[in-house]
Amino acid sequence: MSLDGVYDSDNIFARIVRGEIPAVRIAEDQDTLAFMDAFPQSSGHCLVIHRTSRARNLLDVEPEALIAIMSTVQRVARAVKLALAPDGIVVTQFNGAPSGQTVFHLHVHIIPRWTGVALGRHGEGMADPKALGELAARIAARLNG
Ligand code: 5GP
């Protein structure tokens with residue numbers, strides 16, 4: 001998939017928004033949804049998406065949707081810091097398959113990092129849903145500080 005292309009309404013994240021595929025949800029509001037990455041690169045790896053924007057990547061998103069996404073990214077990253085006490089947090093986002101993008105519904109990764117703990121490989125190793133649920137609950141509990 002190149003940078004240009006047609007939004008596929010049946011991509012995995014659109015199906016998660018519609019509730020057709022289960023996801024371990026952390027936070028949702030009218031515009032955005034934050035949920036746990038099912039193949040995490042670190043403990044607490046989460047994703048933020050817009051619920052209704054049909055943007056595939058950063059280049060085609062509406063500015064208003066981007067503001068909503070990044071506001072949620074900041075809120076969730078702060079909650080990750082309080083809940084999991086990482087030493088650092090990577091916030092990243094891929095545009096087009098050659099960059100590493102595999103799901104073509106704009107999303108932002110929040111990846112907590114600990115000193116001396118190596119990063120897992122991108123999109124490999126499915127997490128235990130129960131463990132993800134526990135992490136999501138801990139993060140959600142700190143969304144308001
Ligand atoms: P991308 O490579 O497009 O930036 O990131 C897609 C992310 O979605 C990857 O980190 C991958 O682990 C995650 N992912 C892929 N399929 C699913 C799924 O069905 N559920 C969840 N929660 N995450 C997924």
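Treat the numbers as computed from the prediction; the structure is a model and nothing was measured. Order of appearance sets the numbers: ligands from 1, and atoms from 1 within every ligand. Sequential numbering from 1 along the given sequence is applied to the chain's residues.
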Pair K130 + E134: basic N to acidic O under 4.0 Å: yes
Interfacing atoms of ligand 1 (cut-off 4.0 Å, heavy-atom, F13): 8 (O)
Residue E20 excluded, over 12 heavy atoms near CD under 6.0 Å: yes
Structural part of F104 in contact with ligand 1, heavy atom criterion under 4.0 angstrom: neither
Non-hydrogen atoms of R121 and Q41 that approach each other most closely: O-CG, 3.6 Å
Shortest non-hydrogen contact from F35 toward I49: CE2-CD1, 3.7 Å
T102, portion touching ligand 1 at heavy-atom distance under 4.0 Å: both
For F35, atoms of ligand 1 separated by under 4.0 Å from a heavy atom: 22 (N)
N/O donor-acceptor pair under 3.5 Å between N95 side chain and N57 backbone: no
Nearest atoms (heavy-atom pairs only) where P112 meets S42: O-OG, 2.7 Å
Heteroatom proximity flag, I16 to ligand 1, N/O under 3.5 Å: no
Within reach of ligand 1, part of F94 (heavy-atom separation under 4.0 Å): side chain
Close-contact set for ligand 1 against I12 heavy atoms, below 4.0 Å: 16 (N), 18 (C), 19 (O)
Per-atom contacts of ligand 1 with V103, taking only distances under 4.0 Å to non-hydrogen atoms: 3 (O), 6 (C)
Region of A38 that comes within reach of ligand 1 [heavy atoms, distance under 4.0 Å]: both
Contact summary for R113 and L119, nearest pair of heavy atoms: CD-CD1, 3.5 Å
Residues D10, R18: salt bridge by 4.0 Å N-O rule: yes
Sub-4.0 Å heavy-atom approach of Q93 to ligand 1: no
Residue-ligand contact A23/ligand 1, heavy atom below 4.0 Å: no
Contact with ligand 1 for I21, non-hydrogen, under 4.0 angstrom: no
Region of H109 engaging ligand 1 - heavy atom pairs below 4.0 Å: side chain
Aromatic contact, H107 with H105 (centres under 6.0 Å): no
Ligand-residue contact atoms, ligand 1 with H107, heavy atoms, under 4.0 Å: 1 (P), 3 (O), 4 (O), 5 (O), 6 (C)
